[in-house]
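Only heavy atoms go into these numbers, but all of them, side chains included; no hydrogens, no water, no symmetry mates.
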Amino acid sequence: KGKGKIGNICSMGLALQALETSSEFYAPRKWDRAQAFSVVYNHDYEQPTAIAQVLPPLMGKSYLNTGRWGCAATKGMPLSRRLPLLPLSPPTAPITVQFSITNTLKNYFHYSTSVCVPDNSTLLHVMKKARNEKPDIFCFKTVSYDFGCFVTSIHGLAGNATERTYWQFFSSWSPLQKGVSIYKPKNWEHVQAIFSTY
């Protein structure tokens with residue numbers, strides 16, 4: 001039904017661990033292991049918690065049995081063989097990202113800026129750069145969770161559970177499917193933070 005995705009992409013690691021370790025208890029049908037792993041292989045995990053949860057099932061293990069092998073498998077092996085050396089990538093040209101904040105719900109405001117950041121920067125980096133350049137306009141607050149940051153306030157306007165308001169992020173009028181600490185805007189992309197209701 002979910003084309004291999006179980007819950008959301010962040011819960012896939014834990015779901016795969018559970019399914020891999022309890023597969024003998026399934027009834028009445030077998031789950032499509034290959035389709036679920038395909039979802040994981042095709043996603044670019046960046047958050048350490050998500051990576052830590054998805055690695056054990058990729059290695060055919062769960063958290064419960066990952067520590068059983070210890071370092072015995074690599075004992076006596078030179079460090080260069082234990083840790084893969086990653087090639088250094090050449091520096092890339094910086095990119096320009098347009099960033100706007102808009103509130104049409106109460107006390108209307110709209111501000112926009114363009115910032116120059118290194119290629120492959122996250123939206124959070126873009127927001128910090130905008131705040132550094134214009135702190136009175138692009139100030140914001142976040143709360144950190146295991147899977148990244150949640151923006152609670154921009155320009156002094158905070159989301160409110162009672163009023164069911166929050167800051168929603170868009171690119172070309174499409175809601176972003178990743179959080180600000182993961183999403184990486186492209187060159188000349190226009191990202192909008194719009195105060196919204198749910």
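- Going from atom OG1 of Thr113 over to atom CD1 of Ile137 covers 8.0 Å, rounded to the nearest 0.5 Å.
- Hydrophobic clustering, with ILVMFWY side chains joined whenever heavy atoms are under 4.5 angstrom apart, groups Ile95 together with Tyr183.
- To the nearest 0.5 Å, atoms CE (Met127) and OG (Ser121) are separated by 14.0 Å.
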Quiz item: Can you check side-chain contact (heavy atoms from CB on, under 4.5 Å) on Leu123 and Leu176, steps first, answer last?
Solution: CA-CA 11 Å; Leu123 178 53; Leu176 297 185; 3.7 Å; yes
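- Around CG of Asn107, the count of heavy atoms belonging to other residues, nucleotides or ligands within 6.0 Å does not exceed 12.
- With 3.5 Å as the limit, one finds a donor-acceptor pair spanning the side chains of His190 and Ser100.
- A single hydrophobic cluster is not seen to contain both Phe169 and Tyr166; linkage of ILVMFWY side chains at heavy-atom distances under 4.5 Å, directly or through other members, places them apart.
- Taking the six-membered ring for Trp, His155 and Tyr111 have ring centres closer than 6.0 Å.
- Membership of the apolar cluster around Tyr145 extends to Val143, Phe150, as traced through chained side-chain contacts below 4.5 Å between ILVMFWY residues.
- When all heavy atoms of Ser181 and Thr122 are compared, the pair lying nearest together is O-CG2, 3.5 Å.
- Taking all atoms of both residues into account, the shortest heavy-atom contact from Asp119 to Ala93 is CB-O, 3.5 Å.
- Heavy-atom minimum distance, Phe195 versus Asn103: CD2-OD1, 3.6 Å.
- The CG atom of Asn160 sits 11.5 Å away from atom OG1 of Thr152, with the distance rounded to the nearest 0.5 Å.
- Using modelled atom types, one finds a donor on one side chain and an acceptor on the other under 3.5 Å when comparing Ser171 with Glu189.
- Annotation: the span from Asn187 atom CG to Gln98 atom CD amounts to 10.0 Å, rounded to 0.5 Å.
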